[in-house]
2 protein chains.
Amino acid sequence: MMAERNSDRSGRHDRDSVTTTALRLLDDVGLPDLSMRRLATELGIQPSALYWHFDSKQQLLGAIAERILSRIPLEEHDEIATDADVLSAARSIRDALLAYRDGAEVVLSSYALGFGVDRTQARLRSVLQRRASIGADVAATTLLQFVIGHALLVQQRLHAESLGATHLVGDDTTGDVSSVFDDGVMLFLHGIDAAAKRPEDHSEV
Amino acid sequence: MMAERNSDRSGRHDRDSVTTTALRLLDDVGLPDLSMRRLATELGIQPSALYWHFDSKQQLLGAIAERILSRIPLEEHDEIATDADVLSAARSIRDALLAYRDGAEVVLSSYALGFGVDRTQARLRSVLQRRASIGADVAATTLLQFVIGHALLVQQRLHAESLGATHLVGDDTTGDVSSVFDDGVMLFLHGIDAAAKRPEDHSEV
DNA sequence: ACCTGAACACCGTTCAAGT
DNA sequence: ACCTGAACACCGTTCAAGT
């Protein structure tokens, strides 16, 4: 019922236009239904044609992941980072992951292969650099793992809700999702400050 | 080259024995190669026979997820929770997720459907209950999201390493994985304590 | 209670060949 | 430079039928 070959005016495609259509298709149907064959149909070409543009589906997903993460602004200002700065950095990463359906899962699946890692890592590290005395990269890594875990669980819940099963998970007892996120980030920040005040008391347990 | 029907001595299977074989197969070949057809071959039966035991592959994965999470000890002692108690609670969840190949991903995929949620949630909440004045469930949710994100990224990296691409990710600049985990948990704990001392100063930004 | 056999509607990927 | 056509080796799932 949809029009075929709708991404471009010309009959032929390149890496970028294919990625654009793939990203839209992902948002429409979700990751489990994003198949090479379905994407090819959407583009009005044969499935095999996709392998001229990409070596594999995994590589296509990597290109999608980079598009998703490109929403993260790299630097706003470089004065001393306030609580609000760190919070907005964390939010910008979360927002990028949540902007497209199953975005967090796509990014996760490509993350270890190196797609768009620099951007996310750099964003957090730079804002934490002039804040944490304990070690900006430990703090950045921890915060990033929290953000990714958060986004994955949020989208996982959306996935379940769209399957009819309503709120089987128990943790919606705690207010709305985004304020829990903010609280989580602030927990981190206070932890960093506390670690700066009394350092080296948490190495062994 | 492997022996067929190796999970049980009797010729027929039940839900539990199928789950056991599936869990072992998961650990051997990983989630992408854990197919219903391959599992059936491993059990020495036809693929269709699996649908007598489970309604769908998703339901089978749910059973696997519950097995994985059953490694989490529920309660050790109920005195006042020290730093070490919280840390060991977080570790026990992480260890369960990391105990089997792709365990974190399996748990994530079943999490929103309610498999084994109570166990993980309860473990953290109970230990944080008599610690955080700010709200044990916010703290538990945040910590849980961190633990899941951590485990997913660790296994994602293992996945990438087994594909030959060695250390493309940048965050191994920070020591070994498990000490970064511990540091992350401690960051949380200090944040909780700090929030208890100066409450209500982080609501709006 | 547990399983077979056959079928349906799909996958990702390769490769020679076309324009 | 970009695509077709045909094939290969797979998927999850259903369903009548067997024991």
Side-chain angles (χ1 to χ4, degrees), chain A residues 1-2 4-22 25-26 28-65 102 105-106 109-110 113 159 163-164, chain B residues 1-2 4-22 25-26 28-65 102 105-106 109-110 113 159 163-164:
Chain A
M1 19 184 85
M2 293 264 178
E4 300 153 27
R5 66 167 62 213
N6 36 15
S7 74
D8 230 19
R9 48 235 173 267
S10 79
R12 302 189 109 91
H13 310 90
D14 57 8
R15 239 182 120 96
D16 263 28
S17 69
V18 170
T19 306
T20 302
T21 303
L25 187 59
L26 171 71
D28 283 351
V29 304
L31 186 56
D33 287 330
L34 177 62
S35 70
M36 297 299 267
R37 300 179 108 100
R38 183 147 183 186
L39 173 58
T41 302
E42 199 80 7
L43 289 163
I45 60 180
Q46 293 303 117
S48 51
L50 291 172
Y51 290 84
W52 194 92
H53 300 290
F54 297 95
D55 287 345
S56 64
K57 184 180 184 180
Q58 183 58 250
Q59 193 174 104
L60 168 64
L61 290 176
I64 296 178
D102 294 338
E105 209 176 330
V106 172
S109 80
S110 304
L113 289 83
H159 201 252
L163 289 179
Chain B
M1 17 185 87
M2 293 263 179
E4 300 152 27
R5 68 167 60 210
N6 36 14
S7 73
D8 230 19
R9 47 235 173 266
S10 79
R12 301 188 110 89
H13 311 91
D14 58 8
R15 238 182 121 97
D16 262 27
S17 69
V18 170
T19 307
T20 301
T21 304
L25 186 58
L26 171 72
D28 283 352
V29 303
L31 186 56
D33 287 330
L34 176 62
S35 68
M36 297 299 267
R37 299 179 108 100
R38 183 147 184 186
L39 174 58
T41 302
E42 201 79 8
L43 289 164
I45 58 178
Q46 292 303 116
S48 50
L50 291 172
Y51 290 84
W52 194 91
H53 301 288
F54 297 95
D55 286 346
S56 65
K57 185 180 184 180
Q58 184 57 252
Q59 193 175 104
L60 168 65
L61 289 176
I64 296 177
D102 294 338
E105 209 176 330
V106 171
S109 80
S110 305
L113 291 84
H159 201 252
L163 289 179

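The chains referred to below are lettered A, B, ... by the order of the sequence lines, with proteins before strands, and numbering in each begins at 1.
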Q | Earlier contact from the 5' end, DNA chain C, for A:Y51 and B:Q46 | A |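 The residue mapped nearer the 5' terminus is B:Q46.
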
Q: Please tell me which of A:A49 and A:L34 maps to the more 5' nucleotide of DNA chain C, matching each residue to the nucleotide holding its nearest heavy atom.
A: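 Taking each residue's closest nucleotide, the earlier one in sequence belongs to A:L34.
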
Which nucleotide sits closest to the side chain of [X]: [options]?
X	options	value
B:R12	D:dC2, C:dC3, D:dA6	C:dC3
A:W52	D:dT13, D:dG18, D:dC2	D:dC2
B:R38	D:dC2, C:dG12, D:dC11	D:dC11
A:S35	C:dT13, C:dC11, D:dC3	C:dC11

Q: Find the partner of D:dT14: check Watson-Crick (N1-N3 plus N6-O4 or O6-N4) and G-U wobble (N1-O2, O6-N3) distances, both under 3.5 Å, and reply none if neither fits.
A: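 D:dT14 is paired with C:dA6.
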
What integer distance in Å separates [X]:[atom1] from [N]:[atom2]?
X	N	atom1	atom2	answer
B:Q59	D:dT13	CD	P	10 Å
B:L50	C:dC2	CG	C1'	12 Å
B:F54	C:dC2	CZ	C1'	14 Å
B:L60	D:dG12	CG	P	10 Å
A:D14	D:dC2	CG	P	7 Å
B:R37	C:dA7	CZ	P	13 Å
B:K57	D:dG12	NZ	P	4 Å
A:I45	D:dA1	CD1	P	17 Å

Q) For the side chain of A:S48 and the base of D:dG5, is some donor closer than 3.5 Å to an acceptor across the two? A)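 Under the 3.5 Å cut-off, the side chain and the base do form a donor-acceptor pair.
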
Q. Say you pick atom C1' in C:dC3 and the same atom in D:dA16; how far apart are they, in whole Å?
A.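 Roughly 13 Å separates the two C1' atoms.
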
**Q.** Distance, P atom - from D:dC10 to C:dA9, rounded to whole angstrom
**A.**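 Between the two P atoms, the distance is 22 Å.
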
Q) Is the backbone of B:E105 close enough, under 3.5 Å, to the side chain of B:D102 for a donor and an acceptor to pair up by distance? A)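 Looks like no, no N/O pair under 3.5 Å.
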
Q: Examine the side chains of A:D16 and A:T19 and answer whether a donor and an acceptor come within less than 3.5 Å of each other.
A: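 There is no such pair between these side chains.
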
In the structure I gave you, are the side-chain heavy atoms of [X] and [Y] within less than 4.5 Å of one another anywhere?
X	Y	answer
A:D33	A:L26	no
B:L39	B:V18	yes
A:S109	B:H159	no

Q) Reckon A:H53 has a side-chain N or O less than 4.0 Å from the OP1 or OP2 of D:dC3? A)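 Checking D:dC3 against A:H53, a side-chain N or O does come within under 4.0 Å of OP1 or OP2.
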
